[in-house]
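Here is the structure we will look at, set down as structure tokens.
Whatever order the structure lists them in is the order used to number ligands and atoms, beginning at 1.
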Amino acid sequence: MASGRKPLFETPVPRIDGAAKVTGAAHYPADEALTDVAFACLVTSTIARGRISSFDLEAARAVPGVLDILTHENLDWAVNSPTHLFGDPGTSTLETDQIWHDGQIIAVVTAESFEAAREAGAKVKVDYAEEIAADTFDAKDVAVERMKAGKQSIGDAAAAFAEAPVKIEQWYETPTQHHNAMELFNVTCAWDGPKLTVYEPSQNIVGAQHRMATQLGIDPADVRIVSRYVGGAFGAKGFASYSMWIAIAAKRVGRPVRLVASRDQGFSIATYRAETRHHVRLGADRDGKLLSYFHEGWELSSRASDFVTAGVSATAQIYACDNIETIVNIVHADRNSPGFMRAPPELPYMFALESALDELSEKLNVDPIELRRINDTQVSPLGGLPYSSRSLMQCYDQAAERFGWAARVPRPRSMRDGDWLVGYGCATACFPAIIGPAAARVSLFGDGKAKIGLAGHEIGTGAYTLVAIAAAKSLGIAVADIEVAMGDSSLPPVSIAGGSSNAASTAHVIAKACEDIRRKLAEAAVADSGPFHTLDPDALRLEDGLLVGPGNASEPIADAIARCGGEIEVEAENIPAGLPADTMARLHRGQSILLGGRARKDVIGYAFGAQFVEVRVHAQTCEIRAPRAVAAFAAGTIVNPMAAHSQLMGGVIWGISSALHEATEIDPRKARYINDNFGDYMIPVNADVPSVDVIMVPEEDDRINPLGIKGVGEVGIVGMNAAVANAVYHATGRRIRQLPVKIEKLL
Ligand code: MOS
């Protein structure tokens, strides 16, 4: 950055959109006021595999206010079939009679009111030719396929394991989980001639625009996505495949149509975190040095999709080891397609590795933190690339100190408080530092205020505020003097808010645009007879509302802007170093090319953390409590410590939830989700998570990207599953290897 000052972002800034959100002024997509809106209700299949034989729509059509019922039998649009994340066939589809999974969309009822649509939806009668469905691992008739993704090998893991003096060999499992964002899945589609406006909560706005155009076979320039606020995304709102049916429904009735899907429908019309299974072998010498690491994973998917997270790509490079072999398998069953959910690869795979390491530490009689220290590395064991920065042990040391780890008595079942067995557990968190391309428009006005526009995503992370902070730092003006417009595909494109990339992607393009503005102001200033006459434009900087030069030369920014015609507008594009030259062209076509983790040729980039948790298990009832957690994270530059703290704390809480509460239960007879509601899908309330202490370990990293930003969206959730299970083992002497840890597994 040419400002001459290291861009430090140390000041906590309250959200600039906070007041709008808590007063209802912030319009989420389903809040957008439109006239003459009709309402849609989805009808979903009650079988998981087979074909639709016939519909009986008579009773449904007779409901007063019903306008239309769309089914595969009367679909009059030559659609391109909905596709999944990377172009795989989608499964939430109604264009044929085929049923891929329970809860698949098979009809869309449109009516004058939500109530009428819902009533008619319940009256749609369907006859099926049903086949026996496979629900999950071990069901008859699943198809298992070994994936290229996840195949890694160095040294000879099998031979090294055979010779290792200390060994662990175990199986671990993580359950199906659903995002369950507060905001229900929804979309509103409005046509104006050939132009389609789509109000849809999206973490991938240009992606959604081009996807809709492709599916409907229309010009992308005719599709506008509006998504100013998103009520939680977590990976589920990047690739909505149901929106196209609402666009078609709206065309058929000649009115805007709004769908707000029900909570239970959200379990089957969108993606989820698939269940996983792990076979892990660790071999070590007697001092704890890892000699061999073997990890085979299985991940559930739909019949149609090849989506796997292949989290061994992360686990295989966290610790030094000369002999590593990893394998990943996909298991196809009669289910809807899974997808991204907060730290998709790292959460399940690190549960397996960090649980196995805890088992190894006990066998070795080495403290769990020391075992991580013994095997700590600053280079990848796969190929030797250096980490751009890695502060894992600093995280462990700071969190251990704050937590009071020194008071831990290593032997299981040796700490007790009355009727409660007390356990301390810890585990490593990691997440790749990812960045993507972005464009932004910045206007600086004569009064020293600025306006910024970009098709960025506020998915609850504080993205508006982050953009304003980045601009305020670069322009030397106050956050309060900056207005930010986002969430609209008519603004300059921004890559998907996924992979914790948003902070890095947007902060860099804002810095670039503001640097263009500084340069324009500086060049005009040195060409003029004023205080900067004949100075080097690169010696001028924007600070505290002033244009500042060497020595004492300065002038109010308003004077500098006046010299440039009273207003400056720039539009900048940023392709992060290491991405191909056509990255921006592809972004304009809706493709987000992201770079990070191990994809670079010079360094690998990861954020790290150390999770600590105390659990208490009741000696008689086995009730499990988690009274306190302490977690430390190092993620490079923290743009807004207030929002980052919230992100990390939210991650830790969700990690505890994942460990102790969350699982989507499946009825094996029908391959159907059972607890698809907030009453039965367990999530923690305040009383379940009394104390979470988050430490942000300072970390400067000038190799990861110019601003040193790694991102904090996902790292906070990783590792806590294992930390909890390890703590439960320490409390009780019972090792739970199948999440979530529940009373019944301890009884
Ligand atoms: Mo995240 S699972 O990349 O939205």
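Close approach of ligand 1 to E714 (heavy-atom distance below 4.0 Å) involves ligand atoms 1 (Mo), 2 (S), 3 (O). The R342 neighbourhood of ligand 1 comprises atoms 2 (S), with distances under 4.0 Å to a heavy atom of that residue. Counting the atoms of ligand 1 from 1 in the order shown, those under 4.0 Å from a heavy atom of P344 are 2 (S). Counting the atoms of ligand 1 from 1 in the order shown, those under 4.0 Å from a heavy atom of G235 are 2 (S), 4 (O).
Residue contacts with ligand 1, taken as heavy atom pairs separated by less than 4.0 Å, involve M341 solely via the backbone atoms N, CA, C and O.
A side-chain donor from one of D701 and S388 sits under 3.5 Å from a side-chain acceptor of the other. Side-chain N/O atoms of E699 and S391 include a donor and acceptor closer than 3.5 Å. When only modelled atom types and interatomic distance are considered, R335 and Y673 share a side-chain donor-acceptor pair under 3.5 Å. Defined by atom type and a distance below 3.5 Å, a donor-acceptor pair is missing between the side-chain atoms of T276 and E299.
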Inset, instruction - Check the pair R263, D676 against side-chain contact (heavy atoms from CB on, under 4.5 Å), reporting the backbone distance first and the verdict last. - result: CA-CA 7 Å; R263 177 62 61 186; D676 52 359; over 6 Å; no

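By the 4.0 Å heavy-atom criterion, K237 is excluded from the residues contacting ligand 1. Heavy-atom separations between A233 and ligand 1 are all 4.0 Å or longer.
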Donor-acceptor pairs are to be reported for all side-chain atoms of residues 229-241 against protein atoms at under 3.5 Å, with residues two or more places apart or in another chain.
from : atom 1 : to   : atom 2 : distance (Å)
K237 : NZ     : E183 : O      : 3.1
K237 : NZ     : E183 : OE1    : 2.9
K237 : NZ     : G232 : O      : 2.8

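Inclusion of S500 in the set of residues having an N or O under 3.5 Å from an N or O of ligand 1 is not warranted. In terms of polar-atom proximity, defined here as any N/O pair under 3.5 Å, F340 makes no such contact with ligand 1.
Salt bridge E32/R228: present, at least one basic N to carboxylate O contact under 4.0 Å.
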